[in-house]
Q: 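Here it is: the structure, laid out below.
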Amino acid sequence: MTIYDSVQKKKRDFIPQVQGKATLYVCGPTVYDDAHLGHAKSALVFDLLARVLKANGYDVTYARNITDIDDKIIKKAIEQKKEIKEITDFYTEAFHREMEALGVLRPDIEPRATESLEAMFTLIQNLIDLGHAYKTNEGDVYFDTASDGEYLTLSRRVQEEEEKQNRIESSSLKKNSADFALWKSVKNDNMTYESPFGKGRPGWHVECSAMIEKHLANANNKYAVDIHGGGADLLFPHHENEAAQTRCATNHALANYWMHNGFVNINDQKMSKSLGNSFFLKDALEKYDGEVLRFYLLSTHYRANFNFNEEDLLTSKKRLDKIYRLKKRLFGLTQNGEKTSFQEKLLEALSDDLNVSQALALIDMMVTNANEILDTAGKHKELKTETLANLAFIEKILGFGVKNPFIYFQFGINQETKEKLAALIIQRDEAKKAKNFEASDKIREEILAYGVSLMDTPQGTFWEKV
RNA sequence: GGUGCCAUCGCCAAGUGGUAAGGCCGCAGCCUGCAAAGCUGCUAUCCCCAGUUCAAAUCUGGGUGGCACCUCCA
């Protein structure tokens, strides 16, 4: 398969360091607030990547961290007069719940900063011993960017420009304005951790490097992991700094392939906390089926910026609906895991740097073709088993169509309404039988007011939430 | 100011040298009591200019217009 490497800026064939195995590390959320659509996009992209790697036969080890040490968490804990753990547990659970609703599979490893402190100490100590980090007389430990000859090669920035930008706010205690904290000394504050460098907190960048060493890296390999991923904004400074730490503290580079997903905008506007237009996942999930969000957020190539808007989302829903309607037509039949050329082509498309658009085009054509044949008279035994196997493959690799198709079309309809609909449908059937079409159409109008449309089929009348 | 990305039908969106995928919307039809669903058919020469080439949406140069990062951020 091929992967676009955002550092080399080209598509590269994916060749893992250890044949048949793939290691993947993705920067996960800082659990101090609800996850927004951007978190969802990133999680979905790398969930898909892990699935595609597996489908290509790789034994995948996927790690996504949870940052549970952070100034914003502490700030919130103080504001709400709560324990840090209470805050981080709450948002971690919410994150897991929301990811599940999106059909995002749990990574193999989910390291937390609080559980990785020893690994951070080791890494920081190595950097100090090797002359790549220094302690200030205030007790902070900084990474010495000047000691790393390859600093800024990842994001290809120009040192002087960075300095120009940083000069104003640079601390006099830092040797170089670009130097970043590995350990922040904290005094008069009980929310600190003991370390060989004194009481304080780790810097943000150090946790990823440390976790990767602890959970994924093999000392003999050239790279700590095969693939490192995250949002486009993380390339600089976060990933630049991670890469610098790892290359200076260990004898290997951090990652062979770097992948960065594009940003999610809301109605052409950047989503940001300061603009107050963050679209929280929990709110979106109340309005839309998680799988519709999954389909929509994955429908555009992962590297492109994504402009979230309701109109496009509903277009995506219609596309997903078609998969589910085909599932309805074949409901109750079991699949036998048959391999088809459709599946080969689908995997091929996704293996080309996650070309989801191509994959969706293939799916649409497969669905149309299956419907067309099912529309014509015949027993279609072969087509049915083949189609069922294809749908199962789509479920597995893309996570589309995983629900019971009848339940899928009931999203947002409560039990009371369901009973009411059932009663109205019986009334309408009676009117239809009596050829009282005026009455039956009136009932249909009434049902439509619930946002529900009816479908008369030889098997009876079915309803769907529009 | 520095670094980088992008510009394809009304809308969303693939395609990165060989003559424009797919979806939504729209129109016409089949099916239907009528619908819905499903199916069939129809709809673009790729922001502008110049160049390279037998051949360019795809490469090069120059415009124009969007956008991102450079500060915590997926």
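Within every chain, numbering begins at 1; the chains are lettered A, B, ... in the order of the sequence lines, protein sequences first and strands thereafter.
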Q: Between A/Tyr91 and A/Asp68, is any side-chain donor less than 3.5 angstrom from a side-chain acceptor?
A: no
Q: Taking the P atom in each of B/G4 and B/G41, what is the distance between them to the nearest angstrom?
A: 47 Å
Q: Under 4.0 Å between any heavy atoms, over every strand shown, what does A/Lys432 touch: base, sugar-phosphate, or nothing? Just pick one.
A: base
Q: Taking RNA chain B as the partner, which of residues 290-305 of chain A come within under 4.0 angstrom of it by heavy atom?
A: A/Thr300, A/His301, A/Asn305
Q: For A/Ser42, which contact category applies under a 4.0 Å heavy-atom criterion: base, sugar-phosphate, or nothing?
A: sugar-phosphate
Q: When the P atoms of B/G62 and B/G2 are considered, how many whole Å apart are they?
A: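 Approximately 15 Å lies between the P atom of B/G62 and that of B/G2.
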Q: For A/Val264, answer base if it contacts any base atom (sugar-phosphate contacts may also be present), sugar-phosphate if it contacts only those atoms, and nothing otherwise; contact means non-hydrogen atoms under 4.0 Å.
A: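 It contacts base atoms.
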Q: Is any side-chain N or O of A/Asn371 closer than 4.0 Å to OP1 or OP2 of B/A37?
A: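 Answer is no, no contact under 4.0 Å.
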Q: Which part of the nucleic acid, if any, lies within reach of A/Gly38 when heavy atoms closer than 4.0 Å are counted: base, sugar-phosphate only, or nothing?
A: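 Base contact.
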Q: Can you confirm whether the side chains of A/Thr61 and A/Thr23 place a donor and an acceptor under 3.5 Å from each other?
A: no
Q: Check whether any side-chain N or O of A/Thr457 sits under 3.5 Å from a backbone N or O of A/Gln459 as a donor-acceptor pair, and report yes or no.
A: yes
Q: Would you mind classifying the nucleic acid contact of A/Asp441 as base, sugar-phosphate or nothing, using non-hydrogen atoms under 4.0 angstrom?
A: base
Q: Can you tell me if the side-chain N/O atoms of A/Trp204 get under 4.0 Å from OP1 or OP2 in B/C73?
A: yes
Q: Tell me, which pairs form a side-chain hydrogen bond (donor to acceptor under 3.5 Å, both in side chains) where one or both residues lie in residues 394-406 of chain A, sequence neighbours left out?
A: A/Asp289-A/Lys403, A/Lys327-A/Glu395
Q: Distance between the C1' atoms of B/U64 and B/C49, in whole angstroms?
A: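 After rounding to an integer number of Å, I get 10 Å for this pair.
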Q: Taking only the side-chain heavy atoms of A/Phe236 (C-beta and beyond), determine which of B/C24, B/C70, B/C34 contains the nearest atom.
A: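 Selected nucleotide (nearest to the side chain): B/C70.
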Q: Closest-nucleotide mapping onto RNA chain B: is A/Phe437 or A/Met365 further toward the 5' terminus? I mean the 5' end.
A: A/Met365
Q: Are A/Phe263 and the base of B/A74 stacked, counting only ring centres nearer than 5.5 Å and planes tilted under 30°?
A: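 Yes; by the centre-distance and plane-angle rule, A/Phe263 counts as stacking on B/A74.
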Q: Given 3.5 Å as the limit, does a donor-acceptor pair link the side chain of A/Asp140 with the main chain of A/Ser185, or not?
A: yes
Q: Identify every side-chain donor-acceptor pair in residues 301-313 of chain A under 3.5 Å, counting partners at least two apart or on other chains, and give the distances.
A:
unit_1   : atom_1 : unit_2   : atom_2 : d
A/His301 : NE2    : A/Asp353 : OD2    : 3.4
A/Tyr302 : OH     : A/Asp353 : OD1    : 2.6
A/Arg303 : NE     : A/Asp353 : OD2    : 3.2
A/Arg303 : NH2    : A/Asp353 : OD2    : 2.6
A/Asn305 : OD1    : A/Phe263 : N      : 3.0
A/Asn307 : OD1    : A/Asn267 : N      : 3.3
A/Asn307 : OD1    : A/Asp268 : N      : 2.6
A/Asn307 : ND2    : A/Asp268 : OD1    : 3.0
A/Asn309 : OD1    : A/Glu311 : N      : 3.2
A/Asn309 : OD1    : A/Asp312 : N      : 2.9
A/Asn309 : ND2    : A/Asn307 : O      : 3.4
A/Asn309 : ND2    : A/Asp312 : OD2    : 2.8
A/Glu310 : OE2    : A/Tyr288 : OH     : 2.7

Q: Would you indicate which nucleotide in B/C73, B/A35, B/G38 comes nearest to any side-chain atom of A/Asp375?
A: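 Nearest listed nucleotide: B/G38.
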Q: Name the nucleic acid region contacted by A/Asp456, choosing base, sugar-phosphate or nothing; use a 4.0 angstrom heavy-atom cut-off, strictly under.
A: base
Q: Nearest to the side chain of A/His39 - B/A74, B/G4, B/A14?
A: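 Taking heavy atoms from C-beta onward, the closest nucleotide is B/A74.
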Q: How are the rings of A/His205 and A/His238 set to each other: parallel, tilted or perpendicular (split at 30° and 60°)?
A: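 It falls in the tilted class, 30° to 60°.
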Q: Looking at A/Thr368, does any N or O in its side chain come under 4.0 Å of the phosphate oxygens OP1/OP2 on B/C39?
A: yes
Q: Which nucleotide in the set B/G22, B/A37, B/A74 lies at the smallest distance from any side-chain heavy atom of A/Arg319?
A: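 The answer is B/G22, which lies nearest to the side chain.
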Q: State which of B/C69, B/A21, B/C5 makes the closest approach to the side chain of A/Lys9.
A: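 Of the candidates, B/C5 comes closest.
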Q: Check every atom of B/A14, B/C39, B/C72 against the side chain of A/Lys72 and return the nucleotide holding the closest atom.
A: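 Nearest to the side-chain atoms of A/Lys72, counting from C-beta on, is B/C72.
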Q: Strictly below 4.0 Å: does A/Arg157 bring a side-chain N or O up to OP1 or OP2 of B/G2?
A: no
Q: May I ask you to say what A/Leu454 touches in the nucleic acid, namely base, sugar-phosphate or nothing, with a heavy-atom cut-off under 4.0 Å?
A: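 Base contact.
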Q: In whole angstrom, give me the gap between the C1' atoms of B/A28 and B/G17.
A: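 Between the two C1' atoms, the distance is 38 Å.
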Q: Could you tell me if the side chain of A/His239 sits less than 4.5 Å from the side chain of A/Cys27, heavy atoms only?
A: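 Touching, per the 4.5 Å side-chain cut-off.
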Q: Quick one: on RNA chain B, does A/Arg428 or A/Lys41 contact a more 5' nucleotide (nearest heavy atom)?
A: A/Arg428
Q: Which whole number of Å gives the distance between the C1' atom of B/C47 and that of B/G65?
A: 8 Å
